[in-house]
Number of protein chains: 2
Amino acid sequence: MEARHTLADQTFEQLQTAIIQGRLIPGSKINEQELASQYGISRGPLREALQRLEQRRLIERIPHVGARVIKLTANHLHDLYQVRAELEAMACRIAASSISDQQLIELEQLLDRQQQAFQSEQLTSLQDDIDFHVGVLNACGNQTLINTLCGDLYHQLQIYRHQCISSRRPLQALAQHRQILAALKQRDGELAALLMRRHIEAGAANTAKVLAAKLEDFQDE
Amino acid sequence: MEARHTLADQTFEQLQTAIIQGRLIPGSKINEQELASQYGISRGPLREALQRLEQRRLIERIPHVGARVIKLTANHLHDLYQVRAELEAMACRIAASSISDQQLIELEQLLDRQQQAFQSEQLTSLQDDIDFHVGVLNACGNQTLINTLCGDLYHQLQIYRHQCISSRRPLQALAQHRQILAALKQRDGELAALLMRRHIEAGAANTAKVLAAKLEDFQDE
DNA sequence: CCAATATCGATTGTCGACAATTACAGCTAT
DNA sequence: ATAGCTGTAATTGTCGACAATCGATATTGG
């Protein structure tokens, strides 16, 4: 509950989750007046929120014309995952030589909790996967790398992952996370990077398949 | 002269160059009222410009407190160049297999023009170096990669590069650019990536050295 | 004399109204 | 009937003023 208690920030967060969850459908136009009164605020803070969404590439704005939610395309998805794989592999390579024993323990505990939660509830959350990746990221210590992934790319990715919930394979993902963690433990950066790249590419292929099916259905535009 | 003719955009551009050129000194506080009247506009558009500068990490804002220009630190510089090297090496790897003959020719012509300009005027512009890198980037075709570098990282880097004009070695840089281009011509992605990484790391070391000297002088805080 | 607190000034956040630009509808002319 | 133009309505950009919050100074109690 990270409260930056300003209306613009709150509205930004709400709009972001609305977009990620698909409540604001991709490609639809955004009316400032309408949204503002809908959220019970003025157009000032709303415009600030919209601008931040634009910088995160969740919406597209044209001066004097307006804002639209971004559309989902196979190309965009491909580009996103390609950059993500490269950067997270890099994070692994760095983290392997800089991660602390404490951080290693925390990551292991995180995976244990997730495995336990899965065995009992049998349902997995998208957040679980993200938590592990963010953990590795933080361990690498490169703030620019962290900002680039957490501040920009992850939010765009979440749109696709939420739209394409897919036949996700949480057990497989969990096993891959354990492999990556083992490599980090052994300070084998190259192996960790390789495993991370494969893990992400598997997820990309999976998401892309579901997206293709979805785009097939909506033959519109 | 890419005109997005809205006051907020114009002000954003002007403020950005002001920061990059060091006219707004790093770490200094920003007064909205003062800046607004200085640019002859209202606080509305100015705040939009400030917010975009914040997203590009050229300034830092705290709610109800205000905005400050970012400070230059050796750590930040290191992180920036590390990510940049990785991403541009990646761009080379992709571009090697996707660049068109036309694009190859244009890059060569660009380098020819730069060499000619250098031989006649004996002075080199920072923009020349950027132009080549952007050219390679565009050739790779990954829009996410392009956005990440051009939209975020480059602007932060330019602050350091402008502050640390350094004993730049334009001839050496030009030669390295030619080597990279040659590798691209031969469709040797791995070689191009390697050369690009070395080229960037050389620039990083150079800039870091100058920055260290600068920080030595300003022993403040 | 120092510390904690209250008050004041300054700065930021928010609002409603006005100006500028665009999109659409209807009309005219070919 | 369609292409181009024109006027109007709707939407976005901009402004000035008000409200909320923070930092610094002054004050009071120990």
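Naming: A, B, ... by sequence-line order, numbering from 1 per chain. Reckoned from all heavy atoms, side chains included, excluding hydrogens, waters and symmetry mates.
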To the nearest Å, how far apart are [X] [atom1] and [N] [atom2]?
X       : N      : atom1 : atom2 : result
A/His5  : D/dC22 : NE2   : P     : 7 Å
A/Leu50 : D/dT12 : CG    : P     : 9 Å
B/Gln10 : D/dG13 : CD    : C1'   : 12 Å
A/Phe12 : C/dG13 : CZ    : C1'   : 18 Å
B/Leu7  : C/dT21 : CG    : P     : 10 Å
B/Ile62 : D/dC22 : CD1   : C1'   : 11 Å

| Contact under 4.0 Å: A/Lys29 side-chain N or O vs C/dT22 OP1/OP2 | no

| Do the side-chain N or O atoms of B/Thr6 get closer than 4.0 angstrom to the phosphate oxygens (OP1, OP2) of D/dT14? | yes

Atom pairs and distances, donor-acceptor, side-chain atoms in residues 35-42 of chain A, under 3.5 Å, two or more places apart:
| unit_1 | atom_1 | unit_2 | atom_2 | d |
| --- | --- | --- | --- | --- |
| A/Ser37 | OG | A/Gln33 | O | 3.1 |
| A/Ser37 | OG | A/Glu34 | O | 3.0 |
| A/Ser42 | OG | A/Gly44 | N | 3.4 |

| Does the side chain of A/Asp131 come under 3.5 Å of the side chain of A/Gln127 through a donor N or O and an acceptor N or O? | yes

| message | Using the rule given for side chain to side chain donor-acceptor pair (under 3.5 Å), can you reason through B/His177 versus B/Asp129, listing the C-alpha separation, both sets of side-chain angles and the distance that settles it, and then say yes or no? | response | CA-CA 9 Å; B/His177 286 178; B/Asp129 184 66; 3.1 Å; yes

| query | Are the aromatic ring centres of B/His133 and B/His199 under 6.0 angstrom apart? | reply | yes

| Contacting residues from residues 30-47 of chain B, given that a heavy atom lies under 4.0 angstrom of DNA chain C | B/Ile30, B/Asn31, B/Glu32, B/Arg43, B/Arg47

| field | Given DNA chain C, 5'-ward residue of the pair A/Glu48 and A/His64, judged by closest heavy atom | value | A/Glu48

| said: For the NE2 atom of A/His162 and the OG1 atom of A/Thr207, what is their distance to the nearest 0.5 Å? | reply: 13.0 Å

| Are A/Glu86 and A/Arg197 close enough for a salt bridge, meaning some N to O gap below 4.0 Å? | yes

